[in-house]
Amino acid sequence: MRDGAVMVTGGAGYIGSHAVLALLDAGWRVVVVDNLVTGFDWAVDRRARLVVANVADDEKVRDAIREHGVTAIMHFAGSVVVPESVSDPLKYYRNNTAASRSLIESAVSEGVKHFIFSSTAATYGVPEVVPVREDSPQLPINPYGMSKLMTEHMLRDVAAAHPLNFAALRYFNVAGADPQGRSGQSTAGATHLIKIAAEAATGKRGHVSVFGTDFATRDGTGVRDYIHVSDLAAAHVDALDLLLAEPGKSHFLNAGYGRGYSVLEVLDAVDRVTNMKIERRMEGRRAGDPDELVSDNRAILEALPWRPKYDDLDRIVTDALSWERHLASRQ
Ligand code: UFG
């Protein structure tokens, strides 16, 4: 067992619940703070403690930090739907930016010295150069990306003023599910391609829409860098070790595999894995979709001992499908 405990906000959600598993498996004590608005209490591993609270509820958060001896915070809680951020930007500036501000202040006032933040490739907007490096211009094209970028800036300023270091991991397209079947993406109203394709494969929907066939890519459909959620979770555990080892240093790191797949290539993988032919409907572009978003991941590979274990599209799809079937059997 490691010294101290890790507070995981959003630990009842998709990526957070996988981080909880990775931390527990690595011997950490874990306390989850989640308001259960989009998360599920059953998604929190029983070995962790669950505090049902908003991360901006200073009293509950600070009590939990003291009671459990929290020495580091992993902050996943927030709102994540890009189109919703366009129609309701203030929700994103409240749930992502303002809530993060409160949480960071709680960390500083309670003497928590390490902070890992769930940032996003959406902070880059439409990158001019792909693969995208961490020092590329950050020009978000939606309030979601801006709300996360503002939190990156707060962390940078706070780390310069207080004894706290941080790692902001900029996620590319997170997909898949725990290979042991303990968690997966469960929130209703999915918009993410692999989740939608898995729903189609299990009969929850009749077809998959392909949004745009005229992008400047090899087959005209959008190219993304899909990363398995359990690899991403493992990167957080290694990032925490790095923060502990080098207290004066903070990091902005892309979290991706550095390789892109088109929408059609993803759907081919789903057909291959399921031995089905899922109906594809070619449709117009969604607003704001870049042609290609692929990480340059040299920095994370250099900074961390982390090496992806599931860097394989068929594996990602297989695990997403297993979880989808599990969800279907629960209903
Ligand atoms: N797509 C389809 N059909 C669908 C869903 C998606 O063709 O039903 C396409 C999209 O147009 C895109 C690709 O599949 O080309 C991936 O789309 P997702 O919605 O799965 O993911 P995004 O790349 O749009 O979004 C991801 C993260 C966001 C983040 C964004 C930008 O999920 O949180 O990258 O970094 F903001």
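In each ligand, atom 1 is the first atom listed, and ligand 1 is the first ligand listed. What you see below is based on every heavy atom in this structure, not just the backbone, and it leaves out hydrogens, waters and symmetry mates.
For the pair L193 and ligand 1, the shortest N or O to N or O distance falls below 3.5 Å.
One option in V263, L264, V80 has a heavy atom closer to atom 14 (O) of ligand 1 than any other, and that option is V263.
Within a 6.0 Å radius of CZ in R307, other residues, nucleotides and ligands contribute more than 12 heavy atoms. More than 12 heavy atoms of other shown residues, nucleotides or ligands fall within 6.0 angstrom of atom CZ in R280.
Ligand 1 places these atoms under 4.0 Å from at least one heavy atom of T191: 5 (C), 19 (O). Interface atoms of ligand 1 facing L293, defined by a heavy-atom separation under 4.0 Å, are 31 (C), 35 (O). Atoms of ligand 1 found under 4.0 Å from any heavy atom of V210, numbered from 1 in the order shown, are 7 (O). Near V82, meaning under 4.0 Å from any of its heavy atoms, are these atoms of ligand 1: 36 (F). The contact set between ligand 1 and Y144, taken as ligand atoms under 4.0 Å from a residue heavy atom, comprises 33 (O), 36 (F). Those atoms of ligand 1 with a heavy atom of G222 less than 4.0 angstrom away are 15 (O).
Between the side chains of T9 and H75, at least one donor-acceptor pair of N or O atoms lies under 3.5 Å. Judged purely by distance below 3.5 Å, without hydrogens or angles, the side chains of S106 and R62 pair a donor atom with an acceptor atom. Residues Y226 and R259 bring no donor and acceptor atom of their side chains to less than 3.5 Å of each other.
Judged purely by atom type and a 3.5 angstrom limit, D231 uses its side chain to pair as donor or acceptor with the backbone of K309. Remark: the backbone N or O of G258 is paired with a side-chain donor or acceptor of S295 at under 3.5 angstrom.
Between H18 and Y14, the angle of the ring planes goes over 60°, which puts this pair in the perpendicular group of the 30/60° scheme. In this pair, Y92 and Y144 present their aromatic rings perpendicular. The plane angle is above 60°, beyond the 30 to 60° band. Using the six-membered ring where Trp is involved, F166 and F252 have ring planes that are perpendicular, over 60° apart on the 30 and 60° scheme.
Heavy atoms of Y226 come nearer than 4.0 angstrom to ligand 1 in at least one pair. Using a 4.0 Å cutoff on heavy atoms, S209 counts as a contact of ligand 1.
Atom 21 (O) of ligand 1 has its closest protein heavy atom at N173 ND2, 3.0 Å. Distance from atom 7 (O) of ligand 1 to its nearest protein heavy atom, with residue and atom name: F211 N, 2.9 Å. Ranking protein heavy atoms by distance to atom 30 (C) of ligand 1, first place goes to A122 CB, 4.4 Å. At the top of the distance list for atom 17 (O) of ligand 1, counting protein heavy atoms only, stands R286 NH2, 3.4 Å. When hydrogens are left out, the protein atom nearest atom 23 (O) of ligand 1 is R224 NE, 2.7 Å; that is the closest non-hydrogen contact. Closest protein heavy atom to atom 11 (O) of ligand 1: D289 OD2, 2.7 Å.
The only member of E246, H114, K113 that meets side chain to side chain donor-acceptor pair (under 3.5 Å) when paired with N165 is H114.
In H192, the parts holding a heavy atom less than 4.0 Å from any atom of ligand 1 are both the side chain and the backbone.
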